[in-house]
2 protein chains.
Amino acid sequence: MSAKQIVLAARPKGMPDESAFRTEIVEVKAPEQGEVRIKGLYYSVDPYMRGRMSDAKSYAAPYEVGKPIVGGIVAEVLESKAEGIKAGDLVTGRVPWATEVTVPASELSKIDANLAPPSHYLGILGMPGLTAYFGLMDIGKPKAGETVLVSGAAGAVGVVVGQLAKQQGCRVVGIAGSDEKVDLLKHEFGFDEAINYKTTPDMTAAIAVACPDGVDVYYDNVGGEITDAAIMNLNFHARIALCGQIAQYNVTEVPMGPRLFPRLLTRKVLLKGFIVSDYLDRVQEGFAALAKGVKEGKLKYRETVVEGFDNLPKAFLSLFSGENKGKMIVKA
Amino acid sequence: MSAKQIVLAARPKGMPDESAFRTEIVEVKAPEQGEVRIKGLYYSVDPYMRGRMSDAKSYAAPYEVGKPIVGGIVAEVLESKAEGIKAGDLVTGRVPWATEVTVPASELSKIDANLAPPSHYLGILGMPGLTAYFGLMDIGKPKAGETVLVSGAAGAVGVVVGQLAKQQGCRVVGIAGSDEKVDLLKHEFGFDEAINYKTTPDMTAAIAVACPDGVDVYYDNVGGEITDAAIMNLNFHARIALCGQIAQYNVTEVPMGPRLFPRLLTRKVLLKGFIVSDYLDRVQEGFAALAKGVKEGKLKYRETVVEGFDNLPKAFLSLFSGENKGKMIVKA
């Protein structure tokens with residue numbers, strides 16, 4: 001059988017475009033012992049993948065030029081030579097971007113489609129949901145009555161952070177890039193307040209208004225000037241969960257900004273960069289909490305769905321213009 | 001009785017000079033119940049005091065204009081109306097800069113001059129020593145075999161950090177501002193390597209050479225470009241103990257620097273601003289560890305002593321030109 005796969009054509013400099021990707025037709029090998037052949041149903045596109053397109057040392061190994069992009073997937077098993085997994089099973093994992101592919105079963109987990117629609121396992125019940133959970137709960141450690149500020153609030157991680165923080169009894173304020181997103185945060189996801197940074201000239205002042213008691217937890221998905229403004233509003237003993245810095249993923253030179261470490265010092269701030277895989281040993285805990293919220297309807301969820309495997313590069317690139325509301329996925 | 005005291009004459013803008021201080025002759029009141037009258041023997045000058053001369057919100061309340069500077073002291077009790085404390089006792093505490101002053105005994109602790117010379121209670125057995133201990137042990141959490149990098153390494157805190165880190169079995173590298181200090185760090189305080197930042201054009205490269213396995217713990221006393229260079233050398237899961245930012249204490253505008261949060265994110269770095277009073281409940285533990293090291297001769301100590309109460313402002317100001325090696329104190 002043959003399938004399409006998408007490879008990294010060249011390492012992009014700065015903002016990538018579709019020339020970074022190339023589609024190839026490849027043979028799909030039959031599974032050997034311990035392997036399964038799967039067909040992609042839903043594909044995840046995530047900002048962190050930009051980092052893997054560079055060759056800089058980071059928490060995830062770089063993609064190789066000429067080799068497939070690897071990303072999150074929900075797939076159906078077509079053929080299995082692995083114990084405990086059979087044709088027809090739905091699975092999730094990180095595998096090459098291909099319409100069909102044969103991989104070791106050990107790289108996949110079976111999913112329960114009765115709990116939630118399968119695509120949710122790429123979002124609230126997958127990497128972004130767990131990222132929100134551990135960053136907020138383990139680094140942010142929000143206490144009832146505190147104020148939690150979230151940047152990139154309308155993204156796959158942000159909407160979960162905000163809802164989890166509300167469950168903890170916090171005042172929750174989101175920052176996003178359109179009035180539509182602001183509306184969504186306040187009226188669909190229950191944020192107490194939200195700020196459109198694109199139409200707000202003085203973010204420091206706007207955050208001060210939205211957070212009259214200051215900011216105790218700042219969950220950062222974006223970095224740059226938004227984060228400067230957040231830092232200026234931090235309370236004593238505030239915590240910063242450093243999850244993403246999308247404002248800088250496509251820069252070719254390190255941008256300059258104000259030196260704010262003295263503020264982190266005098267306010268006795270804790271800052272921690274993290275990645276969800278730091279919490280591998282606690283995945284069960286995080287998944288259980290998220291699944292409970294989804295099952296009981298207490299955690300709302302939203303997807304931006306792009307149709308067609310061929311549109312994977314386009315969907316990925318649109319993350320950087322903020323076109324997604326909630327989790328961006330591609331449906332095969 | 002009359003005494004001299006030094007008050008804040010005016011809030012300095014930028015680098016202070018002696019015009020920020022004024023000496024006054026005041027009457028020393030007789031102690032009432034619970035109070036003692038003390039005579040200063042040794043006075044502490046510390047970089048953090050610059051922050052208290054401004055009116056910005058910080059971890060310590062601002063000094064008031066026209067009121068005495070308050071700082072660390074070792075004093076002799078002249079007259080006591082307090083239980084458990086008598087004339088002739090040696091005490092330490094934070095009190096107004098005065099040759100003699102009457103204060104509540106509750107603000108003082110008796111010191112044991114058999115353990116170490118009295119002035120040590122302003123340094124290795126006082127606030128700077130405890131700052132070194134808690135920042136390193138509680139935030140840095142150094143493990144044997146790791147590399148600890150210390151900026152402001154020849155200062156009151158830095159020399160203690162380095163020695164404590166050596167005791168933990170770490171490779172220890174210091175950054176200081178003269179060849180003499182570099183020499184002192186390597187040959188008196190047992191640092192494995194030290195770098196004179198004033199004669200090193202590329203600090204990032206120099207740290208990479210001095211720390212061939214990267215930096216696991218960065219104990220920061222200075223901030224600015226030195227800290228940028230340190231961040232570029234951090235290992236995965238590195239810790240930054242944010243103790244001081246002396247490079248920015250006298251700026252009038254926030255300086256610009258490279259935005260390095262993406263590096264903190266991808267290396268999964270922990271950063272924590274702190275102050276020694278965050279550890280009030282663990283002072284016994286810290287003091288015991290430091291006292292043991294001093295008693296056994298395993299923690300070396302050095303003071304830069306300026307003679308004369310009237311020279312307190314000058315001694316304080318000289319901190320910002322790096323004139324001290326080890327702890328700067330003023331002997332009455």
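Residue numbering restarts at 1 for every chain, and letters A, B, ... go by the order of the sequence lines. Hydrogens, waters and symmetry mates are skipped; everything else that's a heavy atom, side chains included, is used.
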key: Exceeds 12 heavy-atom contacts within 6.0 angstrom, atom CD of B:Q168   = yes
ask   = Looking at residues at least two apart in the chain, or sitting in another chain, which of them share a side-chain contact (heavy atoms from CB on, under 4.5 Å) with B:A289?
value = B:Y133
ask   = A:D46: what forms a salt bridge (Lys or Arg N to Asp or Glu O under 4.0 Å) with it, not counting sequence neighbours?
value = A:K327
Most chain B-contacting option - heavy-atom pairs closer than 4.5 Å, from A:T227, A:D228, A:I139 = A:D228
message = I need the full list of side chain to side chain donor-acceptor pair (under 3.5 Å) pairs touching residues 136-147 of chain B, with sequence neighbours left out, sorted by first then second residue.
response = B:D138-B:Y279, B:D138-B:R282, B:E146-B:R239
request  = Using heavy atoms and a sub-4.5 Å threshold, report which of residues 246-274 of chain B line up against chain A, by residue number.
outcome  = B:Q248, B:Y249, B:V254, B:P255, B:M256, B:G257, B:P258, B:R259, B:L260, B:F261, B:P262, B:L264, B:L265, B:T266, B:R267, B:K268, B:V269, B:L270, B:L271, B:K272, B:G273, B:F274
